[in-house]
2 protein chains.
Amino acid sequence: MPTLQHQYDELISELKQISLLESCASVLSWDRETYMPAGGAELRSEQVSLLAGLKHQRATSPRLGELLDELSQADFGDEHSPQNANIREAKRDYDRVTKLPQRLVEELSRVSALSQHSWRSAKDSNDFAAFQPWLKQIIDLKREQAACLQKSDGTLYDALLDLYEPGMTTQQVQTTFKLLRDELVPLVAKIADSSTKPDQAIVTRLYDVDAQRQFSKQMAGEIGFDFNRGRIDVSAHPFCSGFGPGDCRLTTRYDDHFFNMAFFGTLHEAGHGMYEQGLVEEHAGTPMGTSVSLGIHESQSRMWENLVGRSASFWKHSFPQAQKYFPQALKGVLQDQFYGAINVAEPSLIRVEADEVTYNLHIMLRFELEQRMISGDLEADQIPEAWNETFKQYLGITPDDDTQGCLQDVHWSAGYIGYFPTYALGNIFASQFFEAAGKELGNLDEMFARGEFAPLKQWLNKNIHAKGQQYSASELVEVVTGNKFSAKAMVAHLKQKYGSLYQLK
Amino acid sequence: MPTLQHQYDELISELKQISLLESCASVLSWDRETYMPAGGAELRSEQVSLLAGLKHQRATSPRLGELLDELSQADFGDEHSPQNANIREAKRDYDRVTKLPQRLVEELSRVSALSQHSWRSAKDSNDFAAFQPWLKQIIDLKREQAACLQKSDGTLYDALLDLYEPGMTTQQVQTTFKLLRDELVPLVAKIADSSTKPDQAIVTRLYDVDAQRQFSKQMAGEIGFDFNRGRIDVSAHPFCSGFGPGDCRLTTRYDDHFFNMAFFGTLHEAGHGMYEQGLVEEHAGTPMGTSVSLGIHESQSRMWENLVGRSASFWKHSFPQAQKYFPQALKGVLQDQFYGAINVAEPSLIRVEADEVTYNLHIMLRFELEQRMISGDLEADQIPEAWNETFKQYLGITPDDDTQGCLQDVHWSAGYIGYFPTYALGNIFASQFFEAAGKELGNLDEMFARGEFAPLKQWLNKNIHAKGQQYSASELVEVVTGNKFSAKAMVAHLKQKYGSLYQLK
């Protein structure tokens, strides 16, 4: 059927052009966060808007809709064939963007820009009341957006979650988070009660920034990030941006009195970057050459940051090198002491500084509140109180003020409601993938101790990166691990690791 | 007439959008030269092509043509009113791009990419024969392009020159260059015969790169480049790219054994940058907010690099600071010795390394050969011989090989024929403007010696930058200086400066 093939080729060519246009905007956004002088802000926002508008025009074109309608009826073999995956996911995107009225899209963009601005000053001055009317507007707009996208068998929150974690339902997340919480809350309490305390002061000594830069870059290279096809720079908030084949940008930030920030931040972003670099070039710009979900993306960053980078075996290989880079800070420090210091677990107020154990509780709290915001059960003005109560319940402590509490994250002000759960999903997916990789590859710890990271990286390339959007996130987990999405592997990992570190009974 | 105003507003809005699209491509090109990893080259060329295509579509749209036709008939007051200037220059651009057949545009783009590639390896291996067929193709295509653009009263070469220096004729350039050559050739000879020789070794000592970076950035700031609205980075070939209001990027390069390269390179690019930063924001994206020609642009960079940066008074202010930055290299060096060392004049083979006196002879040589290439009088295979003969005639020396001769510049391989003259025009314009500024502002040398650069900068802002494309380059010279375009001021400057430096009779 030459006509059908011709239509498919037209679809692919159009998707690639749309993606290319989006990648131009990505370069501009990267530059805004890394090198743009202050005076360039206004021009940059005009440039990015122009490109977004051009992209939107093409992504909603009637011709694209026609092609997708016709191709959706066609027979391209197996449900998960590359053609079917491309058509299915492109149609999903098309339906989503065409379902939203232009007015709502513009209003969301306008309000979220102003709201972020208000959030920034509200956070600085601990003034939730000033931010509250903006948050209320955001919640209303997100409810409206959710109503446009809501499926007949789904809730409003499902529709928002689906924007970031396609195919995942609120119900699935709830069930998994419940199991996890029931395990984590007592684990956190046991750790707090343990008389064994690693010496965290080791990682807060003076670490020369230039040596940090070199060492973290070296290790990002060793685990497999390809600096011929990417680079790392500094930004206020670390991120990874894969422009396309051959060009993936990471950022990090340095604190000369905190080793963890840049080092684990770099491994984290390198994990994201290796996903981007592992996408299949031939499929670039189409769903088959695009990451599947934020949760799966986060699974890659968290795996390299925590399951690899915070493992004892990783430091068996790397600690002698660290001592060369930081002869003063690590003078007389034993590998085990260092390992303890980078793995201190204790309840804390700020999500982005939380450890492997408590981090997920920060997420669950946000997930709870978000559902209530969107269902209409929690008004904007009730958020600080609800935050503090739930925080106490999950982590046993209460923030002194909203700056350290419900004002700490940019997400809600930017309209990212439904986004937070993907961070914890990433941790959960990571443990499931890591367990499966270990089963297939043998003893990963022994490899890491020898500085061999290629087997794990190649396994991820083959089993996850190369799949693009062939499967949904939950399908991918099942295809790759043979198990359904579940927090069991993560709970086992945390109990084992922290049981040993804190000598828990 | 509301309809006319409405049409004019539509024109301005469309021109601003086209310019905004172009500015996106400028960011991508800047990144390509500064930070892009090697692996990103293919994607980047696709991105830039996409944006160029989108821009071309809009810049050649029939609606734009209609608007320009109608507005050209309308009465917007004085010939040089902002409206008339915008309409006239936009129409000039529109006519130019719509006159060129799509096939020729694509062929030029394709061949020049391949030809540059061939040039690079031919230069590396001193193999003109390998490059010759590409150069022949380029010449043929440029002749074809010139034929499309040629005016009834102009030559083929006029049409190419007009691409870079609108309104300037080959005849005008010839006349001015002849006068200049007749003065420069004997001046060069006298300098060579002088027994006074500055000690150039002073500037080839070890100059710490980080100190070079700080010092050159400091001085670029002192002369008036605004780092809140711009920045400076490193690239293989220095350039300035003004993205638009508030964001202008400079680049430079460092040689730890040659002070001049980064320092004067930075002042040069800062001069370009101050032009970009001096354009009127309200007119951004329209001809009235765009630089007028390459020659006028170069006049700004050359003025700050040479007439200011290489003056004795500049170093009266700056030498004590230089000594702080480079205590070893400048230990025991007197200000006059340093001034001599940065102003050594002698015949040399490489244009970009040539001094203030001999530089223009390098340009004249290229201008001569280009005219003969385009008239059909000089075939590609005859270029090396013609180069060496003319070189001998103008500068008294002959290159040992083509790498040091006719293969040294990228321009011809990239299709930039008609571009070279603008470098010398820049020098000429610079001297005329500088002379006029001095007449109006008083003793500039005394100001420089006190570190006062703002009066000159503000004079340039007002008299040149703010004018945009209100006048053509030659008109602007006349409006600003009261004199016609002429090399007299430059000759006087060079004779005076070098007469004193080399104690010429």
Side-chain angles (χ1 to χ4, degrees), chain A residues 13 16-32 34-55 57-58 210 225-234 241-251 273 276-277 281 284-285, chain B residues 13 16-32 34-55 57-58 210 225-234 241-251 273 276-277 281 284-285:
Chain A
S13 156
K16 287 189 177 223
Q17 291 285 300
I18 293 169
S19 161
L20 197 57
L21 206 43
E22 197 171 12
S23 78
C24 295
S26 298
V27 179
L28 270 63
S29 301
W30 169 86
D31 177 74
R32 185 185 53 210
T34 51
Y35 293 109
M36 188 188 79
E42 198 178 322
L43 173 68
R44 185 56 45 89
S45 95
E46 285 174 20
Q47 292 172 318
V48 170
S49 290
L50 174 69
L51 294 181
L54 291 173
K55 188 213 149 186
Q57 240 172 43
R58 290 183 88 143
D210 206 53
F225 183 80
D226 179 356
F227 283 99
N228 283 319
R229 298 188 295 140
R231 51 178 290 122
I232 184 159
D233 297 275
V234 173
S241 182
F243 297 162
D247 200 347
C248 175
R249 309 286 173 104
L250 316 179
T251 71
E276 293 292 318
Q277 291 186 333
E281 184 162 351
Chain B
S13 157
K16 287 190 178 225
Q17 291 285 299
I18 293 168
S19 161
L20 197 56
L21 206 45
E22 196 170 14
S23 78
C24 294
S26 298
V27 180
L28 270 63
S29 301
W30 168 85
D31 178 74
R32 185 183 55 209
T34 51
Y35 294 109
M36 189 188 77
E42 198 178 322
L43 173 68
R44 186 55 45 88
S45 95
E46 287 174 19
Q47 292 172 319
V48 170
S49 291
L50 174 69
L51 295 181
L54 291 173
K55 187 212 149 186
Q57 240 172 44
R58 291 183 87 146
D210 206 53
F225 183 79
D226 179 356
F227 283 99
N228 284 319
R229 298 188 294 139
R231 51 177 292 123
I232 184 158
D233 297 276
V234 173
S241 180
F243 297 163
D247 200 347
C248 175
R249 308 287 172 103
L250 315 179
T251 70
E276 293 292 319
Q277 292 187 333
E281 183 163 350

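Because the structure is a prediction, the values reported are computed rather than measured.
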Indicate yes or no: at least one non-hydrogen side-chain atom of Glu42(B) is less than 4.5 angstrom from one of Pro245(A). no
Closer than 4.0 angstrom, basic N to acidic O: yes or no for Asp31(A) and Arg249(B)? yes
Let me know if Leu51(B) has heavy atoms under 4.5 Å from chain A in its side chain, its backbone, both or neither. side chain
Per the salt bridge (Lys or Arg N to Asp or Glu O under 4.0 Å) rule, what does the pair list look like for residues 20-30 of chain A, sequence neighbours excluded? Glu22(A)-Lys55(A)
May I ask you to name which of Gly230(B), Ala25(B), Cys248(B) has the most heavy-atom pairs under 4.5 Å with chain A? Gly230(B)
Contact class of Phe227(A) relative to chain B, heavy atoms under 4.5 angstrom: backbone
Side-chain contact, heavy-atom cut-off 4.5 Å: Met36(B) with Val27(A)? no
So, the part of Phe243(B) with a heavy atom under 4.5 Å from chain A: the answer is both
Looking only at heavy atoms, the pair that brings Arg229(B) and Gly39(A) closest together is CG-CA, 4.3 Å
Measure Leu50(B) against the heavy atoms of chain A and call it side chain, backbone, both or neither at under 4.5 Å. side chain
If you take all heavy atoms of Leu20(A) and Glu46(B), which pair is closest and at what distance? CD2-O, 3.5 Å
Looking at residues at least two apart in the chain, or sitting in another chain, which of them share a side chain to side chain donor-acceptor pair (under 3.5 Å) with Asn228(B)? none
Contact summary for Leu28(A) and Cys24(B), nearest pair of heavy atoms: CD2-SG, 3.9 Å
Once you round to the nearest 0.5 Å, how far does CG of Asp247(A) lie from CZ of Arg32(B)? 12.5 Å
Minimum heavy-atom separation for Gly246(B) and Pro37(A), please, with both atom names. O-CG, 4.1 Å
